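We're numbering straight along the sequence, starting at 1. Please read all numbers here as calculations on a predicted model, not as lab measurements. For ligands, and for the atoms within them, numbers begin at 1 and follow the listed sequence.
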Amino acid sequence: MTVVGTPAPASAGPAETLEPRAMTVPFPFSPSLLAERVAVVTGGATGIGLAIACALTEAGASVVITSRSAERLTAAEMEVARRTGRPVWSLPCDVREEDDVARLRDFVSARCGAAAIVVNNAAANFRMPAEKMTGRAMRAVLDTDLLGTYQVTRAFFDDLRSTGHGSVLSIGIAAVERGFPGYSHAGAAKAAIASLTASWASEWGPHGIRANCIAPGPVPTKGVWENMLGQPPSSAADAGAQAFAQYAQAVPLRRLGTPQDVAAAVVFLSSDLAGWITGVTLTVDGGLNLTLGP
Ligand SMILES: CCCCCCCCCCC/C=C/C(=O)SCCNC(=O)CCNC(=O)[C@H](O)C(C)(C)COP(=O)(O)OP(=O)(O)OC[C@H]1O[C@@H](n2cnc3c(N)ncnc32)[C@H](O)[C@@H]1OP(=O)(O)O
Ligand SMILES: NC(=O)C1=CN([C@@H]2O[C@H](COP(=O)(O)OP(=O)(O)OC[C@H]3O[C@@H](n4cnc5c(N)ncnc54)[C@H](OP(=O)(O)O)[C@@H]3O)[C@@H](O)[C@H]2O)C=CC1
């Protein structure tokens, strides 16, 4: 068994670190850990979502991935099969659209059965100074990150409850309580997701549903490069790549995150290993938040 998204070797150039890669050490979780569980991963065709889909599949779950792009989903289906030797299912779905989300729930139920794991990973982001933030720009991000998370989770509530061991995982951002300068829309959305998570945990615990949030630090995916920093670097000499390499030196563990780092936390929190953990936000950032001062 192999798992995807392992940290690239120290000699790898930045382009090699952008997407999950095959790992050379054994998969750390049992392949039966999530056997007979159905998982839904939004934004599961790229970056962190793709690594999550692979890791859940490796742990034995039947996984459905969604995003808006049918083309990216088809490519991701093939990629997961190539890396794990097991299939995933996919359906285009815009998490902002109620009808799309209802179709997704019906598709999951028909193909795989009741969802026991919902991973809210889909998100939108772009740099915009707070004083220039238009209502439309603010809404574009809140609708995707916050309303999308609420809408998908609520649609699967009956499924989650029916399994007796439902688990909702929502992806936030590390140290969001300090704000997110330049990205106030995304910061507000992710902070609200942490609060939603706590409300769900309290209200739905008696139904056997756990809800947790994972808050990553910087993970240089293609999405981050393209939407926040410009095009991905073509070599380690690129200014963007150099800036990221310097940023890594500020991290106590002296490297940026990988999609795999986040995916491992998702598998653990989704499983019965975390059966008494609910309502928490787990920071996965190499200790970066500790360097930000009081
Ligand atoms: C411990 C230390 C702390 C560490 C913290 C970690 C820091 C790491 C940094 C990474 C954090 C997070 C990263 C991510 O979230 S990565 C995900 C990125 N992926 C994406 O964004 C992909 C999806 N993006 C989109 O689909 C679209 O861009 C979006 C949905 C956002 C917009 O599409 P939509 O069609 O809905 O909207 P419109 O095009 O109609 O636009 C609406 C308004 O928004 C403005 N807009 C949209 N995109 C941009 C842009 N790229 N730049 C500037 N403005 C944008 C647009 O102008 C519209 O407003 P106006 O009508 O007023 O002009
Ligand atoms: N990378 C990082 O440094 C960090 C990332 N995060 C979070 O991790 C998660 C994954 O980010 P990352 O992998 O880096 O970036 P990606 O851009 O690769 O992932 C975002 C995914 O969301 C999907 N998506 C966007 N809008 C919608 C929508 N309306 N409906 C359905 N799907 C949508 C995109 O697919 P499509 O365009 O096909 O719809 C894409 O697959 C996000 O929640 C992000 O905020 C948090 C902290 C740091």
Side-chain angles (χ1 to χ4, degrees), residues 5 17-20 40-53 65-76 90-97 100-101 104 119-129 132-149 151-152 169-183 185-187 189-190 193 213-230 232 244 247 250-252 256-263 265-266 281 283-293:
T17 67
L18 294 178
E19 291 294 332
V40 181
V41 183
T42 68
T46 61
I48 292 170
L50 177 58
I52 292 170
I65 56 174
T66 77
S67 84
R68 293 163 301 176
S69 161
E71 197 183 336
R72 279 194 284 273
L73 287 169
T74 302
S90 77
L91 185 77
C93 165
D94 186 329
V95 296
R96 298 171 294 186
E97 301 296 332
D100 278 19
V101 172
L104 173 67
V119 183
N120 294 301
N121 168 78
N125 208 0
F126 48 85
R127 183 172 180 80
M128 188 170 272
K132 298 212 164 101
M133 182 77 68
T134 64
R136 271 170 51 82
M138 181 59 105
R139 267 192 294 276
V141 170
L142 288 179
D143 281 358
T144 307
D145 296 21
L146 178 56
L147 287 176
T149 292
Q151 193 150 258
V152 170
L169 266 308
S170 302
I171 308 298
I173 291 184
V176 75
E177 64 281 5
R178 293 166 181 271
F180 195 3
Y183 306 88
H185 43 14
K190 296 295 193 177
I193 285 171
C213 184
I214 292 174
V219 179
T221 60
K222 262 188 188 157
V224 165
W225 284 106
E226 289 173 358
N227 291 283
M228 303 178 71
L229 303 167
F244 258 54
Y247 199 25
V251 178
L256 299 178
T258 65
Q260 164 66 18
D261 290 322
V262 182
V266 169
T281 293
T283 300
V284 179
D285 73 345
L288 183 58
N289 71 89
L290 303 172
T291 69
L292 300 178

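Of the N or O atoms in Thr134, one or more lie within a sub-3.5 Å distance of an N or O in ligand 1. An N or O contact shorter than 3.5 Å is missing between Thr66 and ligand 2 by distance. The shortest N or O to N or O distance between Ile48 and ligand 2 is below 3.5 Å. In terms of N/O distances under 3.5 Å, ligand 1 is approached by Arg136. Between Arg68 and ligand 1, at least one N/O pair is under 3.5 Å apart. For ligand 1, the polar-atom distance check against Asn289 finds no nitrogen or oxygen pair separated by under 3.5 Å. Residue Asp285 places no N or O, backbone or side chain, under 3.5 Å from any N or O of ligand 1. For ligand 2, the polar-atom distance check against Val219 finds a nitrogen or oxygen pair separated by under 3.5 Å.
In Val141, neither the side chain nor the backbone holds a heavy atom less than 4.0 Å from any atom of ligand 1. Under 4.0 Å from ligand 2, heavy atoms of Asn121 appear from its side chain as well as its backbone. Contacts between Arg96 and ligand 1 below 4.0 angstrom, taking non-hydrogen atoms only, involve the side chain exclusively. Neither the backbone nor the side chain of Ala124 has a heavy atom within less than 4.0 Å of ligand 2. If you look at Lys222 next to ligand 2, there are no close heavy atoms at all, none under 4.0 Å. At a heavy-atom cutoff of 4.0 Å, ligand 2 is contacted by no atom of Ala186, backbone or side chain. If you look at Asp94 next to ligand 2, the close heavy atoms, those under 4.0 Å, come from the backbone and the side chain alike. Under 4.0 angstrom from ligand 2, the non-hydrogen atoms of Arg68 come from both its backbone and its side chain.
Not a single heavy atom of Arg178 sits closer than 4.0 Å to an atom of ligand 1. Residue contact check for ligand 1: Tyr183 places no non-hydrogen atom closer than 4.0 Å to it. Using a 4.0 Å cutoff on heavy atoms, Glu97 does not count as a contact of ligand 2.
Residues forming a side chain to side chain donor-acceptor pair (under 3.5 Å) with Arg72 (at least two apart in sequence, or on another chain): none. For Thr42, there are no side chain to side chain donor-acceptor pair (under 3.5 Å) partners, not counting sequence neighbours.
Centroid-to-centroid, the aromatic rings of Phe180 and His185 stay 6.0 Å apart or farther.
Relative to atom 48 (C) of ligand 2, the option among Ala189, Pro218, Gly217 with the closest non-hydrogen atom is Gly217.
Ligand-side atoms of ligand 1 in range of Met128: 53 (C), 54 (N), range being under 4.0 angstrom from any heavy atom. Of all atoms in ligand 1, listed by their number and element, those nearer than 4.0 Å to a heavy atom of Ala174 are 1 (C), 3 (C).
Using a 4.5 Å heavy-atom threshold, the side chains of Pro92 and Leu73 count as touching.
Of all heavy-atom pairs spanning Val219 and Val262, the tightest one is CG2-CG2, 4.4 Å. When all heavy atoms are compared, the tightest approach of Leu292 to Ala175 is CD1-CB, 3.9 Å. The minimum heavy-atom distance between Gln151 and Val101, with the atom names listed, is O-CG1, 3.9 Å.
Note that the CD1 atom of Ile52 and the CG atom of Asn121 stand 4.5 Å from one another [nearest 0.5 Å].
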Legend entry - side-chain contact (heavy atoms from CB on, under 4.5 Å) between Lys222 and Thr46, intermediate numbers included: CA-CA 8 Å; Lys222 262 188 188 157; Thr46 61; over 6 Å; no
